[in-house]
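What follows is a set of notes on a single structure, which appears directly below.
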Protein chains: 2
Amino acid sequence: MASRGVRHDSMRARNLAVVLATIHRSGPHTRAALAERTGLTKTTVSSLVADLLEAGAVTESGAVRGGERGRPGMAVSLSGHRVAALGLEVNIDYLAACVVDLTRTVRLRRTVSAGNRNSDPALILAGLRDLVKQTTAEAEAEGLRVIGGALAVPGTVEDGVLRSAPHLGWRDVRVADLVDLPFAVDNEANLAALGELWFGSGETDFLYVSGEIGIGAGLVVGGTVFRGTFGLAGELGHVVVVPDGPGCRCGGRGCLEVYAGQDALLGELASVPELTARLESGDREALETCERAGHALGVALTSAVHLLDPGRIVLGGIFAPLFPWLEGPVAGALGARLAQMRGTPPAVVVSRTGADAAVLGAAGLVIQQVIAEPARMLGL
Amino acid sequence: MASRGVRHDSMRARNLAVVLATIHRSGPHTRAALAERTGLTKTTVSSLVADLLEAGAVTESGAVRGGERGRPGMAVSLSGHRVAALGLEVNIDYLAACVVDLTRTVRLRRTVSAGNRNSDPALILAGLRDLVKQTTAEAEAEGLRVIGGALAVPGTVEDGVLRSAPHLGWRDVRVADLVDLPFAVDNEANLAALGELWFGSGETDFLYVSGEIGIGAGLVVGGTVFRGTFGLAGELGHVVVVPDGPGCRCGGRGCLEVYAGQDALLGELASVPELTARLESGDREALETCERAGHALGVALTSAVHLLDPGRIVLGGIFAPLFPWLEGPVAGALGARLAQMRGTPPAVVVSRTGADAAVLGAAGLVIQQVIAEPARMLGL
DNA sequence: TGGTTTTAGTCCATAATCTGTACATAATCC
DNA sequence: GGATTATGTACAGATTATGGACTAAAACCA
């Protein structure tokens, strides 16, 4: 809400963000080019860049000639050597951490296997805190300053409190003050969507569908995650596919999860690789299960497209390895139901980020904050 | 996108908006109270208020004593006497216009019956232009300056172009330059949602469900309408209720509209009042139809709640008079399917704005712009 | 009644930040 | 080597907010 008045320092904060965002979006620029792009004067840009240089957000990366004549400019680009963000993830069977610098280069990556199903939150969080200490120490040894972190959890989050993570068996766990860094917590699907935004195909408008034990989705519109009123938006797994279908653990009937959740897909199989192996060998039952799941996913996504209006649909998590078998039924269902109202329905594509999407997205969230508010995040 | 740098005038523009929004949200304030609320100094507030007074956005509305002692302050409140907004609506069987002042008082209201089904856009737009001329002339005779307008249409809109309005039989009609005023066009459901926001219960988070021949929905989160990537979000009418149900005019099967659209509800009856009369007299068939429609609506809304996470659900349009018969089945379906995941599902309430929601919301959109950007809209 | 206290609103010198012009710098062109 | 062109900095000027002093108008108190 428009509530507090702004002073001179807000103007400068905004302009720092504008300059940094321009470099971030469109690559290295000379000060002169930045002045042109932003509409600010060369004088102002010089002064802003000086601040960003000092804060370690950008570096001068060599001379460039714009036209054929004239003095060459000095390119200013994002610095990968000073500022970094910490991404974290708690999931059913592992803890993960990563450190990413401002250039979106993954500098460090750690995973610890752990049986977190129905575990004691305090214990797991202690393990996570150790992982953080270890990871930040390593990052600092490389000269990086970790200026913030974010944590992805497989459950619903409100104001830094994990409300409910059914598969972990956690309820109302306060995780925001895990470490003494600026710190955020968010749903695994939302952060995986950010992962796709920052480390994926470069699109800024899509619905990321995260197939795990549950099915979540994160909507990105114009590079921003849509969270709904209470941060609970995107629960694709419980969209109704068949109103009087089989009961779901959520208390409803015929939810998507019943048809396309990991348990439904695997049946008696132990793992996704086992399923893909069967699919590759042409196993009839496996193919039919996938066909059925794909069709249900297509029906649920039809509702999602009508309600959310996504730019495209990105299938991630366990749907990524199964994409070759899901693509047909999903696109088929969407095409049949959307063609007349939308011309071409949204494209259905596979995620490039793989299983890392959520941790990477957590780090991406922090980087996004730095780009959006460099003055606050870097203490300028 | 953060793209253009900001100068001193942006700072002032922002502070004008902050002051105006504070008065708008929380009623009349003295300059001193505004300074306290906004964090600006009394000096700055005085200067900003002087500009807003001159532009006709606010008036001094009498002395007020804050505490018990001290000089009484002069209350500054929104002015209803100078600036006004024009709301317009094209619908199947009428054209409507209204003029609303900054205090949200409806100053003028005109409706013209017309058979617009499968009509010639140029003809209808000419009629609308006449209505605009007449209405603005009347408003100006009352001393009001109409500073902008917006038009609600029963169809999809992209960048000021009406892409498709199936019930009017219109496709790709350019309406943004209907008159020489700052002018916006938007979907009927989105603007009806704004109508509920500005002239309804005062809630800032809800999903407005607009029952008409088609069924649309407008999601408001934190006082802002969510439009999706292409402005097509909220198409509740084609959310899938039964995947292999009866065919819908959209090409899909088992869409909500098939079960709860106006045609499905009325059957062979001629009008909604006729239906309510039958319902009141306990007509078995009518009651069953309503029960069925309510249940389908509840199923579709379950999916909508999971995906959009609305604060509450407001039933409007033809669902408003039918609310007594719909409430039970809708709330029942939502309760059964959402209780376990959400504790209490969103409340289902009836709209107070009635059939006027969309025109009023169109005017509300303009007022929203004035509050958000007084400098631009009022030429400060 | 008149002085004191308290709160509202204005005046004016000061500070922060951006703009615009002038200028130093560094390259190519001829 | 001088002309031309483009980059980046320096400095005066413009805009807008701040902060303390000041005026205004009320209640409180003796």
Side-chain angles (χ1 to χ4, degrees), chain A residues 2-19 22-23 28-54 58-77 374-375 380, chain B residues 2-19 22-23 28-54 58-77 374-375 380:
Chain A
S3 178
R4 302 296 290 179
V6 297
R7 306 151 187 237
H8 294 92
D9 54 333
S10 311
M11 177 163 59
R12 187 150 187 96
R14 180 76 215 285
N15 284 336
L16 284 166
V18 166
V19 166
T22 303
I23 298 172
H29 283 69
T30 63
R31 291 169 175 80
L34 284 169
E36 177 127 6
R37 288 287 278 257
T38 60
L40 297 165
T41 59
K42 287 187 292 176
T43 310
T44 305
V45 168
S46 279
S47 151
L48 293 165
V49 166
D51 280 9
L52 291 172
L53 279 168
E54 198 187 358
V58 299
T59 9
E60 295 192 319
S61 53
V64 284
R65 278 205 304 282
E68 282 310 294
R69 283 136 120 94
R71 170 178 166 181
M74 185 60 86
V76 178
S77 48
L380 281 175
Chain B
S3 178
R4 303 295 291 178
V6 298
R7 306 150 189 241
H8 295 91
D9 54 332
S10 312
M11 177 163 60
R12 187 151 188 96
R14 180 78 215 284
N15 284 336
L16 284 165
V18 166
V19 167
T22 303
I23 299 172
H29 284 68
T30 63
R31 290 168 175 79
L34 285 169
E36 177 128 7
R37 287 287 277 256
T38 60
L40 295 165
T41 59
K42 287 189 291 176
T43 310
T44 306
V45 168
S46 279
S47 152
L48 293 165
V49 166
D51 279 10
L52 291 172
L53 278 169
E54 196 187 358
V58 300
T59 9
E60 297 193 314
S61 53
V64 284
R65 278 206 302 285
E68 282 309 296
R69 285 139 121 91
R71 169 178 165 181
M74 184 62 84
V76 178
S77 48
L380 282 174

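Worth knowing before you read on, the calculation uses all heavy atoms, side chains too, and leaves out hydrogens, waters and symmetry mates. What you see is a predicted model; the values in this text were computed from it and never measured.
- What you find for B:Ala375 and B:Leu16 is that their closest heavy atoms are CB-CD1, 4.3 Å.
- The distance from atom CG of A:Leu48 to atom P of C:dA16 is 16 Å, rounded to the nearest whole Å.
- Checked options B:Thr22, B:Leu40, B:Leu48; the residue passing with B:Leu34 is B:Thr22 (criterion: side-chain contact (heavy atoms from CB on, under 4.5 Å)).
- The salt bridge (Lys or Arg N to Asp or Glu O under 4.0 Å) pairs that include a residue from residues 40-50 of chain B number zero, where partners must be two or more places apart or lie in different chains.
- Taking atom CZ of A:Arg31 as the reference point, atom C1' of D:dA10 lies 15 Å away to the nearest angstrom.
- Between A:Asn15 and C:dC18, a side-chain N or O to OP1/OP2 separation shorter than 4.0 Å is present.
- In terms of phosphate contacts, B:Arg12 brings a side-chain nitrogen or oxygen within less than 4.0 Å of OP1 or OP2 of D:dA17.
- Here the P atom of nucleotide C:dG9 and the CG atom of B:Leu40 are 15 Å apart, to the nearest Å.
- Side-chain contact between B:Val6 and B:Arg14 is absent, with no heavy-atom pair separated by less than 4.5 Å.
- In this structure, B:Ala32 and A:Ser10 both approach DNA chain C, and ranking their closest nucleotides by distance from the 5' end singles out B:Ala32.
- Proximity of B:Asn15 to B:Val19: side-chain heavy atoms (C-beta onward) are nowhere separated by under 4.5 Å.
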Do nucleotides 21-30 of chain D as a string where each nucleotide becomes B, S or -: B if the base has a protein heavy atom under 4.0 Å, S if just the sugar-phosphate does, - if no protein is that close.
---BBBSS--
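- Distance CZ (A:Arg4) to P (D:dT18): 11 Å, rounded to an integer number of Å.
- Atom pair B:Glu36:CD and C:dA8:P shows a separation of 9 Å (rounding to whole Å applied).
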What nitrogen or oxygen pairs link the protein and nucleotides 11-15 of chain D at under 3.5 Å?
unit_1 : atom_1 : unit_2 : atom_2 : d
D:dT15 : O2     : B:His8 : NE2    : 3.1

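- Among the protein residues, B:Thr30 comes within range of the sugar-phosphate backbone only, with heavy atoms under 4.0 Å from sugar or phosphate atoms but none that close to a base.
- By the side-chain hydrogen bond (donor to acceptor under 3.5 Å, both in side chains) test, A:Thr43 pairs with no residue at all, sequence neighbours left out.
- Atom C1' of nucleotide C:dA16 and atom CG of A:Asp51 are separated by 13 Å, given to the nearest angstrom.
- Closest non-hydrogen pair, A:Ala35 versus A:Thr41, comes out as CB-C, 4.0 Å.
- Shown here are the salt bridge (charged side-chain N to carboxylate O under 4.0 Å, His left out) partners of B:Glu60, two or more places apart in sequence or in another chain: B:Arg31.
- Remark: B:Arg37 pairs with no residue by the salt bridge (charged side-chain N to carboxylate O under 4.0 Å, His left out) rule, at least two apart or across chains.
- Contact check, B:Thr41 against D:dT18: a side-chain N or O comes under 4.0 Å of OP1 or OP2.
- Heavy-atom distances to DNA chain D give each of A:Met74 and A:Val6 a nearest nucleotide, and the one nearer the 5′ end belongs to A:Met74.
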